[in-house]
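Because only heavy atoms are used, hydrogens play no part in the values below, and waters and symmetry mates are left out as well, while side chains stay in. Note that the structure is predicted; figures quoted are calculated from it, not measured.
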Amino acid sequence: MTAMLKAVSGTNDIFAQAREYPFREPVFRYITQTAEEVLRGAGAQMIHTPIFEYLEVLQKGVGLTSDIVVKKEMYVLEDRGGRVLGLRPEPTASMVRAYNQHGMKVWPQPVRLFTWGPIFRGERQQKGRYKQFHQVDYEALGLSDPLLDAEAIALMLRIYKTLGLKDLEVRLGSVGDPEDRDRFNQYLRGLFRPYAEVLSEESRVRLETNPMRILDSKSETDQQIVAGLPVRPMLEFLGDESRAFHQKVCHYLTQLGVPYAIDASIVRGLDYYVRTAWEVHHAKIGAKSALGGGGRYDGLSEMLGGPRVPGVGFGIGIERVAIALEEEGVEIPADPSPILYLAPLDEAAKIEALALAEQLRPKIYVELGYTPKSPRKALEDALKKGARYVGFLGEGERVKGIVTLKHLESGEQKELEPLQLHSLFEGP
RNA sequence: GUGAGCGUAGCUCAGCAGGUUAGAGCACUGGUCUGUGGAUCCAGGGGUCGUGGGUUCAAAUCCCAUCGCUCACCCCA
């Protein structure tokens, strides 16, 4: 006997009756639709890219020293013919790849795109962290102007607010330009070199390759060393240009009335980020408080073999947002209930009911009682479905060529011919 | 990768000082009610008690292993 197969842990079925609020399909739809309205209304265009790409696209996109590559969090698969593919661990690389592939550089710039869909990371699951999760993603490509950074942050925040979230905090930082990071890394090497002997093996390697990652090492001794040192933040190592850029973003946000807090500790897990980086946090969802994050990635396109295409964008974690919505007790608009419930009372009426339902369905939402049953049961079913009317189809109706239509709220009941039924639901 | 908790019906759980055939509520199907309002009452379907092994006359219950799930650390979405 084979054990019943189950979904991979860290993945979720999203449907209306799901036990946990964050996985209820209407919640999911509420979030994606709201985001879609806000972003379309801001002039962004929807795009759907594949959820898998050649591994090079994703690896270069994400950077070789990022956790996703280093900790082997990417799902890798082999295509026929041996080309290696990966499931996207973030959508930005695909968006930039699409921009390049379709020559969007000749469109009026910036090109502003958005999408939503599944993202995959091979992490162990916990609340708010899944192997397959979903993001709304927005990217503004082809123009390097702090105005776009400020707009992206404002749009992101407006999505959260339109959804009904409060207690939001924008944490804004800058990871500088590559030269700035080189300077910062030099500084860190100098700072940590005296401790090379006591650092973890991993961090000893990082000392040469990527000293910034020592700062968030998971080794306890490393953490103690870091805590004991007067580490200056990246933000203090910005060059003139990137500092001016950062100040412009801050200035624009202030003018827009978007509140934010400078967070010098923000270091993006993804390598291609430059300059602006931010996270949006929510007070009530605890440790996993990041509802989304974004940043600028002016060098990404070139890494993908394209022209230099500056870009800024953000990702919103749909499940995280759903958790926050639940915490705040936001009511999700109910799905519409049926106008008419058609109840066959005997075998012969089944197909009559279906035929009638199909005639009426272009106009109104018709539910069908699939199994013939007593009028009493049919009525109960109709009530459970929340229908406005019940139409009975049985022996008596067949003889007279009518449908018995009952209005559930008033209890009023009449016998209608098909034509009368059609005109009743004709609507204004 | 590290640590903790939990696995009994579709769901929520009881049963566990070892003892016939493993239970309740909800949900589902039907009857009560022979063509009309979510009720009531009754009945039914649905479980190799996560899996494997051990102890015992006897294991859902005790022991061991294993798998699975959940949560937390880290990172982040």
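Ranking B:C28, B:U36, B:G1 by closeness to the A:R376 side chain, first place goes to B:U36. Comparing B:U36, B:C76, B:G37 against the side chain of A:E279 picks out B:C76 as the nearest. Distances were taken from every side-chain heavy atom of A:E395 (C-beta onward) to each of B:G37, B:G35, B:G38; the shortest belongs to B:G35.
When rounded to the nearest whole Å, the span between CD of A:E123 and P of B:A72 equals 13 Å. Remark: P of B:U36 and CG of A:L379 are 10 Å apart, rounded to the nearest angstrom. When rounded to the nearest whole Å, the span between CZ of A:R19 and C1' of B:C13 equals 12 Å. A straight line from CG of A:L325 to P of B:A77 spans 18 Å, rounded to a whole angstrom. Distance, A:F23 CZ to B:C69 P: 14 Å, rounded to whole Å. For A:K373 and B:G38, the NZ to P distance is 15 Å, given to the nearest whole Å. Atom CD1 in A:I318 sits roughly 16 Å away from atom C1' in B:C76 (whole-Å rounding). Rounded to a whole Å, the CD atom of A:E169 is 16 Å from the P atom of B:C76.
Salt-bridge formation is not detected for the pair A:D149/A:R275: no Lys NZ or Arg NE/NH1/NH2 atom is positioned less than 4.0 Å from an Asp or Glu carboxylate oxygen.
A donor-acceptor contact under 3.5 Å is not formed by the side chain of A:R121 with the base of B:C75. Between the base of B:C74 and the side chain of A:R124 there is no donor-acceptor pair shorter than 3.5 Å. If you check distances only, the side chain of A:Q413 never reaches the base of B:G35 with a donor-acceptor pair under 3.5 Å.
Between the side chains of A:R97 and A:Q101, at least one donor-acceptor pair of N or O atoms lies under 3.5 Å. Between the side chains of A:S94 and A:E53, a donor-acceptor pair is found at a separation under 3.5 Å. A:H282 and A:E327 are not linked by any side-chain donor-acceptor pair at a separation below 3.5 angstrom, with hydrogens and angles left out of the test.
As judged by a 4.0 angstrom heavy-atom cut-off over every strand, A:H407 is placed among the base-contacting residues. Residue contacts shown for A:K6 are limited to sugar-phosphate atoms, with no base heavy atom under 4.0 Å away.
For the OP1/OP2 pair of B:C76 and a distance below 4.0 Å, the side-chain nitrogens and oxygens of A:K127 include no atom meeting the criterion. Within the 4.0 Å cut-off from OP1 or OP2 of B:C69, not a single side-chain nitrogen or oxygen of A:Q125 is found. Between A:Q126 and B:A72, a side-chain N or O to OP1/OP2 separation shorter than 4.0 Å is present. A sub-4.0 Å separation between OP1 or OP2 of B:C69 and a side-chain N or O of A:S9 is present.
The nearest heavy atom of RNA chain B to A:L408 and to A:E20 marks one nucleotide each, and the one closer to the 5' end goes with A:L408.
Screening A:L291, A:I159, A:L163, A:T32 against A:I316 for a side chain to side chain contact (heavy atoms under 4.5 Å, CB included) leaves a single residue, A:I159.
Residue-nucleotide stacking is not present for A:F392 and B:G35, judged by a side-chain ring centre under 5.5 Å from the six-membered base ring centre and planes under 30° apart.
The CD atom of A:E352 sits 10.5 Å away from the CG atom of A:L345 when rounded to the nearest 0.5 Å.
The partner of B:C62, taking Watson-Crick or G-U wobble pairs whose two distances both stay under 3.5 Å, is B:G54. Within the shown strands, nothing qualifies as a pairing partner of B:C75 under the Watson-Crick or G-U definition with both distances less than 3.5 Å. The partner of B:G68, taking Watson-Crick or G-U wobble pairs whose two distances both stay under 3.5 Å, is B:C6. For B:G18, there is no paired nucleotide, since no Watson-Crick or G-U wobble pair has both relevant distances below 3.5 Å.
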